[in-house]
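This one's a predicted model, so the numbers in the text were calculated from it and none came from an experiment.
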Amino acid sequence: MGTAEITNKLWFGTFYNGLTDCVNHLLCKLSCFCAAVLISQKPKKEEAEHPVTTKKKSKEEIEAAKALKIKKKEEEEQQRWRWWGLFVFLYARCVGGGCMNLFMKERWEEDKYEDGVKWKFLEHRGPFFPPEYQHLPDNVNFYYNGKVVKLGLAAEEVALFFAQMLDHEYTTKDVFRNNFFKDWRKEMTLEERVLISDLNKCDFQELHTMHKEKVEARKAMSKEEKLVMKEANQKIVEEYGFCILDHHRERIGNFKIEPPGLFRGRGEHPKQGMLKKRIQPEDVIINCGKKSCIPEPPAGHHWKEVRHDNTVTWLASWTENVQGSCKYVMLNPSSKLKGEKDWEKYEVARRLKSCVNGIRQQYQQDIKSKQMETRQRAVALYFIDKLALRAGNEKEEGETADTVGCCSLRVEHITLHDLLEDKECVVEFDFLGKDCIRYYNKVPVTKRTCLLNKHLSSLLPGLTAKVFRTFNASITLQEQLQQLSNMTDNPTEKLLSYNRANRAVAVLCNHQRVPPKTFDQSMANLQSKIDGRREQLALAKSELKLAKKEVKAHSSDSKLQAVVERKKKAVQRCEEQLMKMEVQATNREENKQIALGTSKLNYLDPRISVAWCKNMEVPLDKIYNKSQRDKFAWAVDMTGADFIF
DNA sequence: AGCGGCACTTAGAAAATATCGG
DNA sequence: CCGATATTTTCTAAGTGCCGCT
């Protein structure tokens, strides 16, 4: 590589990255200004095009709405921070020479901020607080032992939390009820506490009914009312939902403070039903840039603390009272901070690809090791790799539901069979994993923890137990897509193949869901639709036959010929619709207990999917919705059809 | 060297919204 | 256009992994 070229790149790198603050800032301001002008002009335009007849207006309105949508899209696209731009640029220039992964990658790493620094400038409005609780209307009553009891504000609010959940299974569980009652009593006045001593004598029915009515009323709102609500919400998002990070406006993920309520732990959680208390500004730590405006706390309040820590990515945090854990306000997945990290994750997984064979050989060896520790490590790694189990960190006993991962499996979770269902040496797993999802699997094995991660990172920098899940998920997707999809398939079949590949990964990672309550019913509905369509098709076919006969009889009458054509089209349309529905039925049936979203969002290198779409000529929006396209914008932008994981 | 806590990713449920088909 | 159903978004719990402290 010539010196001139290097110099050139370095210059560009410096230029791009260091682009003096004021110039960069100016550009940013300019683009914001332009957007503001465009927005402020829009209503005027619509007004100008106003009058004429109602029918025409509505048509025009539709057109205008469409144009507006496109414009908005373009604007968004223009405002998108293409933080991966330098990489793509350099890669494009260098890929011919094949030097990218060494020289340029290093250059790229160097250009990032110094160790641990995540940003230089960060400004935001602080989190958004839920509204204060308002007393119940006078005609809605809580009864104790059959008598009306007017509760104080605090106790009433908590009573309503319980009342709202009355339809939920939670409220029938002893643990939930006991925890709730204990915490509820803490919120009562002395008088209330003396009176209310038995949850079974509490009647929340009126509160429950009121809540349900409110929900119904919200559903039944007129279009106009809904629009008003929507606009009000958008205003909140506009104000609190964004921050400025290093000159770019970025969407915040969860800018709303979690409202108070009853803790809904998963599975047999010992703390379910406990009161999750209301968070005050006095509980909240704000994190922002030193030079930025400090967000204003709600009137009459102050923040717990304001700090300027640019080695972390959160904008605000508070400690939650049920588990004592920290909650954070962080950026949306489409942001640079999240996207870059995501990209990095997949790069580590790809690096594993080149050395996974060696690692596998080694743990097979280590399984025979004389040292107990080495042997245990090897077995754990074997299962993490083969079954995509999670690492299984230690948890405090009694504080959470009893769930395990690979390194925390206990004897009772495993049964060893010398022979099971014709297979030798079978390990039977049965345990509750993350979110209390049951893992059940029978695995034939061949005859012959923090320590684990340390060992892994010595094999490959950045390698940890969870990388195996990412790696095996992504590589499985790639292989399955390769095996299942054909260029000659129609679009519907192609999508089925994609879903099946995705499904293979979800099964591997044990991503489950409870089948929707309406599943059987909706399946039956679809089936009857299919049957109906079949009959229709048969009818259309016989009609076509008849029409053809007619043509033959009356030697090529042009009118009759046209009828035949029409009938042919009808048959075709019918066949297409039938095929679509049948594929839909297959897909839905196969998806009954499987959730695809988690793997798509967290485990599958998006570049595999983008490349597949390009190769198969499938539009990207068939497999990624808007927020997925936003999250993976970096991959969409930089990936060609030739990408291989 | 072991542990507790902090920061961040991953997860399924539920709510909200869009789409479909009669 | 309207209700049922499907999809998307929101919500927040539940994991992983590492760092700094003792």
If the plane angle is over 60° it's perpendicular, under 30° parallel, otherwise tilted; pick one for A:W634 and A:W83.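 Plane angle between 30° and 60°, so tilted.
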Angle between ring planes, A:F645 versus A:F471, binned at 30° and 60°: parallel, tilted or perpendicular?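 Tilted.
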First of A:K230 and A:G324 reached from the 5' end of DNA chain B, by closest nucleotide: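 Mapping each residue to its closest nucleotide by heavy atoms, the 5'-most match is A:G324.
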Of A:D309 and A:R533, the one whose closest nucleotide on DNA chain B sits nearer the 5' end is A:D309
Look at all strands and tell whether [X] reaches a base, only sugar-phosphate, or nothing, counting heavy atoms closer than 4.0 Å.
X      : value
A:A401 : nothing
A:N525 : sugar-phosphate
A:S317 : nothing
A:G405 : nothing
A:S627 : sugar-phosphate
A:Q323 : sugar-phosphate
A:K276 : sugar-phosphate
A:R266 : base
A:T313 : sugar-phosphate

If the cut-off is 4.0 Å, is [X] near the phosphate of [N], judged by side-chain N/O to OP1 or OP2?
X      : N      : answer
A:R264 : B:dA11 : no
A:T403 : C:dG15 : yes
A:K118 : B:dC8  : yes
A:T598 : B:dG12 : yes
A:N393 : C:dG15 : no
A:Y603 : B:dA11 : yes
A:H269 : C:dA14 : yes
A:R588 : C:dA6  : yes
A:K345 : B:dT10 : yes
A:R218 : B:dA16 : yes

Closest to side chain of [X], choosing from [options]:
X      : options                : result
A:M330 : B:dA14, C:dC11, B:dC8  : B:dC8
A:N254 : B:dA7, C:dT12, B:dG21  : C:dT12
A:S522 : C:dA6, B:dA11, B:dC8   : C:dA6
A:K466 : B:dT9, B:dA13, B:dC8   : B:dT9
A:K341 : C:dG17, B:dC8, B:dT10  : B:dC8
A:N453 : C:dA14, B:dA11, C:dG17 : C:dG17
A:N602 : B:dA11, C:dC11, B:dC6  : B:dA11
A:E258 : B:dA7, C:dA13, C:dG17  : C:dA13
A:H511 : C:dT16, B:dC8, B:dA11  : B:dA11
A:K434 : B:dA7, B:dG22, B:dA11  : B:dA11

Salt bridge check, A:R534 against A:E582: does any charged N sit closer than 4.0 Å to a carboxylate O?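 Salt bridge between A:E582 and A:R534, a charged N being under 4.0 Å from a carboxylate O: yes.
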Check ion pair A:K212-A:D167 (N to O, under 4.0 angstrom): yes
To the nearest Å, give me how far apart [atom1] ([X]) and [atom2] ([N]) are.
X      : N      : atom1 : atom2 : result
A:K395 : B:dG4  : NZ    : P     : 16 Å
A:D167 : B:dA13 : CG    : P     : 18 Å
A:Q164 : B:dA13 : CD    : C1'   : 17 Å
A:N287 : B:dA7  : CG    : P     : 9 Å
A:D402 : C:dG15 : CG    : P     : 10 Å

Would [X] and [Y] count as a close aromatic pair, with their ring centres under 6.0 Å?
X      : Y      : value
A:F162 : A:H208 : no
A:Y439 : A:F431 : yes
A:H124 : A:Y240 : no
A:F429 : A:Y440 : no

Starting from the 5' end of DNA chain C, give me the residue, A:P259 or A:V404, whose nearest nucleotide shows up first. A:P259
By nearest-nucleotide position on DNA chain C, the 5'-leaning member of A:N625 and A:T400 is A:N625
Identify whether NZ of Lys or CZ of Arg in A:R251 sits under 6.0 Å from the centre of the six-membered ring of A:F242 and within 45° of that ring's axis.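 That pair qualifies as a cation-pi contact.
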Side chains of A:Y328 and A:T313: donor-acceptor distance under 3.5 Å anywhere? no
So if I take the C1' atoms of five pairs at each end of the helix from B:dA1-C:dT22 to B:dG22-C:dC1 and get each local axis, what angle do the two axes make, rounded to 10 degrees?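 The end axes of the helix from B:dA1-C:dT22 to B:dG22-C:dC1 are about 10° apart, to the nearest 10°.
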